[in-house]
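Hydrogens, waters and symmetry mates are skipped; everything else that's a heavy atom, side chains included, is used. Because the structure is predicted, anything quoted here is derived from the model rather than measured.
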Amino acid sequence: MDITRFKEDLKSHLEEKIIPFWQSLKDDEFGGYYGYMDFNLNINREAQKGCILNSRILWFFSACYNVLKDKRCKELAFHAFEFLKNKFWDKDYEGLFWMVSHKGVPVDVTKHVYVQAFGIYGLSEYYEASGDEEALHLAKRLFEILETKCKRENGYTEQFERNWQEKENRFLSENGVIASKTMNTHLHVLESYTNLYRVLKLDEVYEALEWIVRLFVNKIYKKVTGHFKVFCDDNWNELIRMVSYGHDIEASWLLDEAAKYLKDENLKKQVEDLSLELAEVTLKEGFDGKSLINEMVEDRVDRSKIWWVEAETVVGFFNAYQKSKEEKYLDAAIKTWEFIKEYLVDKRKNSEWLWKVNEDLEALDMPIVEPWKCPYHNGRMCLEIIKRVG
């Protein structure tokens, strides 16, 4: 498949499969978007609505408008924005709640940095699409909250009570450990600050962006292995020996995006080199010739294929190809897309992508939509290739 056909394939997939699916989940009665669809394509219209899902939908439709100029996408983004500002925003203590009911009543008022970061990401993209000053104000306010209430010398404290009292980071921990610091949360702060700086060019946002880039280079990256630490204590000591291939390849291109705005040429060069190192190691260790395996925990290798991991693989390897001009990366990106079409895109009508297939390529009975399953990874994959191929 040549690059032009690759781009056209992704563009038609975005316009004919992903956008119509998420449009169909618009809740016209209570606002926002329905929060759950099971494996059998049954929508639960009374399911709770998570802020991660809503923020990502806000980002997705805004970004679709910014690239495709489809007015319908701008209206769908507005619908997500209204629900975010009216139902997720805490009018007493500021910041975004974790979860509300289907009617928009707060049900989990935990404040998590992960959610605030996606709020910034979605709101800054929506501001670019709409010029809505209220969206910009909320994005800037969330940035100020992260910098004043959550930032410490060594990174961001991640989980808080409603009133911003620190609590254990249970929402972003797994594998039997409670991690004070996670690479995942910090990656999405990096991504959101990159986007906010891109649309706003504020000095204080630049300083915070450069600070978190240095944190990735100096504390989170393990140069000896070519991987990022995943779950850590307050000082970035690993709590479990783990490789997340999806997060590594996602970070490879998101760090590259941040590097575009760096003014320190030495740091910029470091990040660009690190980005290619990540892609090289991921290709060698995690790519099985068709797509990317999921992760390794201690010595247990998980070879299942997960929707978001494969989407990020396409972008990460295409980014490495653009930088290095090495055909092996383009080949891996296109092969991953062919794998996605064959095994992860749900062939059933009124569906989108499956969550996961196991090592034998059998689909698992997992939701098509839930608080983490969203159009952000696969939608962004399409948009990135459209923009990059031009």
Side-chain angles (χ1 to χ4, degrees), residues 31-32 49-63 66 74 77-100 104-106 108-152 155-167 169 171-172 185-213 215 258 261 376:
K49 293 170 177 171
C51 194
I52 294 169
L53 179 57
N54 194 87
S55 302
R56 288 170 165 184
I57 290 173
L58 171 62
W59 177 86
F60 169 68
F61 282 125
S62 301
N66 288 332
K74 191 168 165 184
F78 173 73
H79 190 75
F81 171 62
E82 287 289 295
F83 197 73
L84 183 94
K85 73 170 185 183
N86 292 324
K87 305 300 182 183
F88 282 110
W89 185 262
D90 185 347
K91 292 171 180 67
D92 295 326
Y93 294 98
E94 297 191 301
L96 297 167
F97 297 130
W98 183 262
M99 189 78 65
V100 299
V105 178
D108 189 335
V109 295
T110 303
K111 302 285 172 61
H112 202 288
V113 165
Y114 195 98
V115 163
Q116 316 311 314
F118 270 104
I120 294 169
Y121 196 54
L123 289 162
S124 54
E125 194 72 25
Y126 180 66
Y127 171 70
E128 185 183 9
S130 65
D132 189 323
E133 292 292 334
E134 191 174 11
L136 181 62
H137 169 73
L138 291 177
K140 283 162 69 177
R141 190 66 202 112
L142 286 171
F143 167 76
E144 287 159 6
I145 287 168
L146 290 193
E147 292 303 296
T148 55
K149 296 186 188 296
C150 312
K151 192 175 194 173
R152 307 290 182 263
Y156 294 83
T157 296
E158 298 192 13
Q159 190 162 328
F160 297 82
E161 304 282 1
R162 180 181 184 179
N163 64 357
W164 296 103
Q165 292 292 309
E166 290 181 29
K167 62 191 291 192
N169 187 29
F171 286 1
L172 263 286
T185 295
H186 285 72
L187 181 63
H188 296 304
V189 175
L190 169 90
E191 150 195 88
S192 71
Y193 283 10
T194 303
N195 212 42
L196 186 61
Y197 185 70
R198 181 179 67 80
V199 301
L200 206 56
K201 300 291 191 295
L202 276 179
D203 288 347
E204 56 266 39
V205 178
Y206 175 79
E207 283 160 21
L209 177 62
E210 187 183 291
W211 183 86
I212 197 167
V213 168
L215 192 69
Y261 304 103
Y376 144 81

The criterion is side-chain contact (heavy atoms from CB on, under 4.5 Å); which residues satisfy it with [X], sequence neighbours excluded?
X: N163; value: Y93, E161, Q165
X: K87; value: F83
X: A258; value: L190, T194, L209, V213
X: A63; value: W59, E125, L383

Which residues share a ring pair (Phe, Tyr, Trp, His ring centres under 6.0 Å) with [X], sequence neighbours left out:
X: Y206; answer: Y197
X: H112; answer: W98
X: F97; answer: none
X: Y193; answer: F143

Minimum heavy-atom separation for [X] and [Y], please, with both atom names.
X: Q116; Y: L96; answer: OE1-N, 2.8 Å
X: L58; Y: A77; answer: CD1-O, 3.4 Å
X: A80; Y: I57; answer: CB-CG2, 4.3 Å
X: N54; Y: G32; answer: OD1-CA, 4.0 Å

**Asked** Does the side-chain contact (heavy atoms from CB on, under 4.5 Å) test come out yes or no for L138 and F81, once each step is laid out?
**Response** CA-CA 11 Å; L138 291 177; F81 171 62; 4.3 Å; yes

Could you measure the distance from the [atom1] atom of [X] to the [atom2] atom of [Y]? Nearest 0.5 Å is fine.
X: D108; Y: C51; atom1: CG; atom2: SG; value: 11.5 Å
X: L196; Y: E191; atom1: CG; atom2: CD; value: 12.5 Å
X: W164; Y: D90; atom1: CH2; atom2: CG; value: 9.0 Å
X: S192; Y: L142; atom1: OG; atom2: CG; value: 9.0 Å

**Pair E133-Y127, side-chain contact (heavy atoms from CB on, under 4.5 Å): steps then yes or no** = CA-CA 7 Å; E133 292 292 334; Y127 171 70; 3.6 Å; yes

Not counting sequence neighbours, which residues clear side-chain hydrogen bond (donor to acceptor under 3.5 Å, both in side chains) with [X]? List them please.
X: Y261; result: none
X: S62; result: none
X: D203; result: none

Contact between [X] and [Y] at the side-chain level, heavy atoms closer than 4.5 Å - yes or no?
X: F61; Y: H79; answer: no
X: N195; Y: I120; answer: no
X: Q159; Y: T110; answer: yes
X: E147; Y: E204; answer: no
X: E94; Y: W89; answer: yes
X: Y376; Y: L53; answer: no
X: L84; Y: L123; answer: yes
X: F171; Y: E158; answer: no

**Request:** Tell me, with the steps shown, if E166 and R152 meet side-chain contact (heavy atoms from CB on, under 4.5 Å).
**Result:** CA-CA 12 Å; E166 290 181 29; R152 307 290 182 263; 2.6 Å; yes

**Request:** Applying side-chain contact (heavy atoms from CB on, under 4.5 Å), run through T157 and V113 and close with a yes or a no.
**Result:** CA-CA 8 Å; T157 296; V113 165; over 6 Å; no

**Request:** Classify the ring geometry between Y121 and F118 as parallel (under 30°), tilted (30 to 60°) or perpendicular (over 60°).
**Result:**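 Taking F118 first and then Y121, their aromatic rings stand perpendicular (interplane angle over 60°).
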
**Message:** Less than 3.5 Å apart, any donor N or O on the side chain of E134 or H137 sitting next to an acceptor on the other?
**Reply:**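 No - no donor-acceptor pair under 3.5 Å links their side chains.
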
Short question: side chain of [X], backbone of [Y] - any donor-acceptor pair under 3.5 Å?
X: K49; Y: G31; answer: yes
X: H186; Y: I212; answer: no
X: K111; Y: R162; answer: yes

**Item:** Listed partners of E207 passing salt bridge (Lys or Arg N to Asp or Glu O under 4.0 Å), at least two apart
**Value:**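 E207: no salt bridge (Lys or Arg N to Asp or Glu O under 4.0 Å) contacts found.
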
